Protein chains: 2
Amino acid sequence: MTDEVPRILTVQRAAHSLATPAQRGEAEAWADSPVALPFGPFDPAEHRTLELGLHNWVEQQTGLSLGYVEQLYTFGDRHRDPREQAGGPRLVSVGYLALVRQVPLSGAGEAEWRNWYDFFPWEDWREGRPAIIDQAIRPQLQNWIAQISDQDERQNYQERLSIAFGTEAAPWDFERVLERYELLYEAGMIGEALRDAQIRAAISGEPAPQPDAETVETAERLGTPMALDNRRVLATALGRIRGKLKYRPVVFDLLPPTFTLLQLQRVVEALGGVRLHKQNFRRLVINGGLVEPTGQRDSQSRGRPAELFRFRREVLSERPASGVGLPAARIIG
Amino acid sequence: MTDEVPRILTVQRAAHSLATPAQRGEAEAWADSPVALPFGPFDPAEHRTLELGLHNWVEQQTGLSLGYVEQLYTFGDRHRDPREQAGGPRLVSVGYLALVRQVPLSGAGEAEWRNWYDFFPWEDWREGRPAIIDQAIRPQLQNWIAQISDQDERQNYQERLSIAFGTEAAPWDFERVLERYELLYEAGMIGEALRDAQIRAAISGEPAPQPDAETVETAERLGTPMALDNRRVLATALGRIRGKLKYRPVVFDLLPPTFTLLQLQRVVEALGGVRLHKQNFRRLVINGGLVEPTGQRDSQSRGRPAELFRFRREVLSERPASGVGLPAARIIG
DNA sequence: TTCATATATACTCATATTGAGCATATTTAT
DNA sequence: ATAAATATGCTCAATATGAGTATATATGAA
């Protein structure tokens, strides 16, 4: 986080992952989306666990030491990397989500912090419902679904649309980041979808599809494309972290040891993509025992100085993780 | 589920996973825990996605067609399989959780349905707090922690104990299945821990450790051991499904198309390992729009016949997934 | 010095949700 | 006819949540 911008660490191109220089050259020809998530090969001989491999790799490449680390998902679909179709190896990636305080990068030099919402412009509701949703996303998705010939399939997509993007009756669910991304991809509205169509055509020798101007323009408005399926991985991460925000104290790894409640709130808001009610947020974290006052106050700010708080680790052993999961141990007749 | 018993599908031994007959023979010598989760090698050439590989494999081996499927976790630690230390290949497993209605098994014949709580006797609180917790688990864990020499490490384990098994003040958290299992393993109280110690000694040529009688007896009371780290995988699954119970309608894949509310409640209770308040459960699922009445009634039962309900799919598009995740789309000043 | 503005903090109040129990309805077994 | 078992309906207190009002304490400009 810097100011109120949630950032992700990106590297410049995917080509590093490839084993041989020959493959690398081949990849660069296709790499019209040079922005990628940091990654590295897993070396079974060297790394005792997957997570240690991750730590080592990130430390070495970026100088960062990771705080909270959580395994996200393992991606193994064919054609995640179009080179596979041309006889390349099958790529299976184990994605991790890690939270770090932003620091200057000392790594190989191609790493960069980028605004998370550059990749998902429709996910940031802090300034209100993003206009692009009703201007482009909903109508174009609706059109795309309408022209599906198979009745069952059409109905299925209609339901997915309702679930992912909400309806009049149903609100927007901030955790369904992946569902939204996948719909946009399948509808061919996302940059990666256009790119992958080109690649498939090139490989199979068919003529390259020519998307019309509106399609291209929409794709550009729908954020920065990434290498391979990295944006899907990133969508998974955003959904996951949003899901955890409220019932596991994960955000504290993004804050200094002491902080004001407004700072804390801003981090939560940035990740959640929503504005929260300030007084209620205060009540929640204080009464919930998540933080405790230090007695010191912050001097930097404009108005009345805010008290500095710290995270209360004890909360971990005090209350069950899920605010509303299964009921606490109680036996009822 | 049969009656009120949640069941998992097991196969008879782990040896099938091995590539060559030679390795297989070697494995059988070590396989003193023949109960394993069903599994199979992933064949990149044949399987378009990991999940399709899973479906094919299970269908072919057991005749089951899977309903709800969810990726659990990818396990890649060294020495998940002790053979690795003797130069065997590194094993990385992608675990999946699938829900199916119990049907007769038509597969290779070694598959079997087993009570989930045979492997985690301390997780089933439906008949009250399991006695083993206070008779054996807590005191022996406490002893083990007390004899740790390093101060920081001891304190860390003490905190993990509080979080995993609760304290006077803090209730038992039904979702922390994995944390509990891992503590028991690290403390050497679980069958697999004893087995792995033997294997490590055999490989390194050291004399085999001789656990005392109490240790062996406790391990036996702590449930059936499984091959490799399969019980850890299973613990992950139980924790995951418990976490999802309350805010995603996953249980319906374990029920027939229509069911009584008590049937539904029994399934939730079996997985959660708790008894629930009947009237409140009814209120929850009806008012929550999860189910709708069919107008028909059940005739089998003893007392007043219960109405048959069905799952309301529409609920998926009506309300945000998380009962209490991030707030619904609302912008507040 | 004074006041407008910004921020922090405290408190109120209506509404919704949850935990627990009581009461009634409808069936089967004896 | 009655006891036992189960289903269903309703109440009530406690707690949590959403939204707002009120007060406190700082900065910066007039």
Side-chain angles (χ1 to χ4, degrees), chain A residues 3-4 171 174 245-247 258-266 268-269 272 274-309 318-320 322-333, chain B residues 3-4 171 174 245-247 258-266 268-269 272 274-309 318-320 322-333:
Chain A
D3 307 313
E4 309 204 0
F174 286 95
L245 271 183
K246 272 303 180 64
Y247 67 99
T258 70
F259 44 82
T260 70
L261 293 187
L262 187 59
Q263 283 179 291
L264 175 61
Q265 182 178 342
R266 292 302 184 218
V268 172
E269 287 176 340
V274 229
R275 285 262 167 258
L276 300 171
H277 186 279
K278 191 175 181 178
Q279 298 92 317
N280 291 346
F281 183 80
R282 153 180 289 269
R283 180 176 62 187
L284 190 74
V285 295
I286 293 181
N287 294 357
L290 277 171
V291 298
E292 62 189 357
T294 64
Q296 297 178 303
R297 12 201 98 259
D298 178 51
S299 47
Q300 312 290 17
S301 78
R302 185 91 162 61
R304 171 172 171 176
E307 178 145 26
L308 288 170
F309 287 77
E318 280 174 7
R319 41 176 52 211
S322 50
V324 286
L326 288 162
R330 220 167 307 184
I331 313 299
I332 303 160
Chain B
D3 307 313
E4 310 203 2
F174 286 94
L245 272 185
K246 273 303 179 64
Y247 66 100
T258 69
F259 45 81
T260 69
L261 293 186
L262 187 58
Q263 283 179 292
L264 175 60
Q265 181 179 342
R266 291 304 183 217
V268 172
E269 288 176 339
V274 228
R275 285 263 168 257
L276 300 172
H277 186 280
K278 192 175 180 179
Q279 298 93 318
N280 290 347
F281 182 80
R282 154 180 288 269
R283 179 176 64 188
L284 190 74
V285 295
I286 293 181
N287 295 356
L290 277 171
V291 297
E292 63 189 356
T294 63
Q296 297 178 304
R297 13 200 98 258
D298 177 51
S299 47
Q300 312 290 17
S301 78
R302 184 93 161 57
R304 171 172 172 176
E307 178 145 26
L308 288 170
F309 287 78
E318 280 174 8
R319 42 177 51 210
S322 49
V324 286
L326 288 161
R330 220 167 309 184
I331 313 299
I332 303 159

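For clarity, every value in this text was computed on a predicted model and none was experimentally measured. Numbered from 1 within each chain, the chains take letters A, B, ... in sequence-line order.
In this structure, A:Leu262 atom CG and C:dA6 atom P are separated by 14 Å, rounded to whole Å. For the pair B:His277 NE2 and D:dT8 C1', the interatomic distance rounds to 13 Å; values are reported in whole Å. The interatomic distance linking B:Leu264 (CG) with D:dT8 (P) rounds to 12 Å, in whole Å. Per the geometry, NZ belonging to B:Lys278 stands 7 Å off P belonging to D:dT6, to the nearest Å. Following rounding to the nearest Å, B:Phe281 (CZ) and C:dA20 (P) show an atom-to-atom distance of 16 Å. One interatomic measurement links the two molecules: CZ of A:Arg282 to P of D:dG20, which rounds to 19 Å at whole-angstrom precision. Atoms CD (A:Gln263) and P (C:dT7) sit 13 Å apart, rounded to a whole Å.
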Distances under 3.5 Å only, N/O to N/O: pair up the protein atoms with those of nucleotides 28-30 of chain D.
none

Could you pull out the protein-nucleic contacts involving nucleotides 2-4 of chain C (nitrogen or oxygen on both sides, under 3.5 Å)?
none

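If you run side-chain contact (heavy atoms from CB on, under 4.5 Å) between B:Gln265 and each of B:Val285, B:Leu276, B:Thr260, only B:Leu276 comes through.
Mapping B:Phe309 and B:Gly303 onto DNA chain D via the closest heavy atom, the residue that lands nearer the 5' end is B:Gly303. Of the two residues contacting DNA chain D, namely A:Arg297 and A:Asn280, the nearest-nucleotide position lying further toward the 5' end is that of A:Asn280.
Closest non-hydrogen pair, B:Asp298 versus B:Leu308, comes out as N-CG, 4.0 Å. When all heavy atoms of B:Leu262 and B:Lys278 are compared, the pair lying nearest together is CD1-CE, 4.2 Å.
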I'd like to know whether B:Phe309 forms a side-chain contact (heavy atoms from CB on, under 4.5 Å) with B:Leu290, so could you lay out the CA-CA distance, the side-chain angles of the two residues, the decisive distance to 0.1 Å, and finally the verdict.
CA-CA 10 Å; B:Phe309 287 78; B:Leu290 277 171; over 6 Å; no

Could you walk me through whether A:Gln279 and A:Arg282 pass side-chain contact (heavy atoms from CB on, under 4.5 Å), step by step?
CA-CA 5 Å; A:Gln279 298 92 317; A:Arg282 153 180 289 269; 5.7 Å; no

Would B:Arg266 and B:Arg275 count as a side-chain contact (heavy atoms from CB on, under 4.5 Å) if you check the C-alpha gap in whole Å, the side-chain angles of each, and the deciding distance to 0.1 Å?
CA-CA 8 Å; B:Arg266 291 304 183 217; B:Arg275 285 263 168 257; 3.2 Å; yes

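Contact of A:Gln279 with C:dT12 (side chain to base): no donor-acceptor pair of N or O atoms is detected under 3.5 Å.
Judged by distance alone, the side chain of B:Glu307 and the main-chain N or O of B:Gly295 form a donor-acceptor pair under 3.5 Å.
For B:Arg304, the listed nucleotide lying nearest its side chain is D:dT6; candidates were D:dA26, C:dT9, D:dT6.
DNA chain C is contacted by B:Arg283, B:Leu284 of residues 283-290 of chain B, taking any non-hydrogen atom closer than 4.0 Å.
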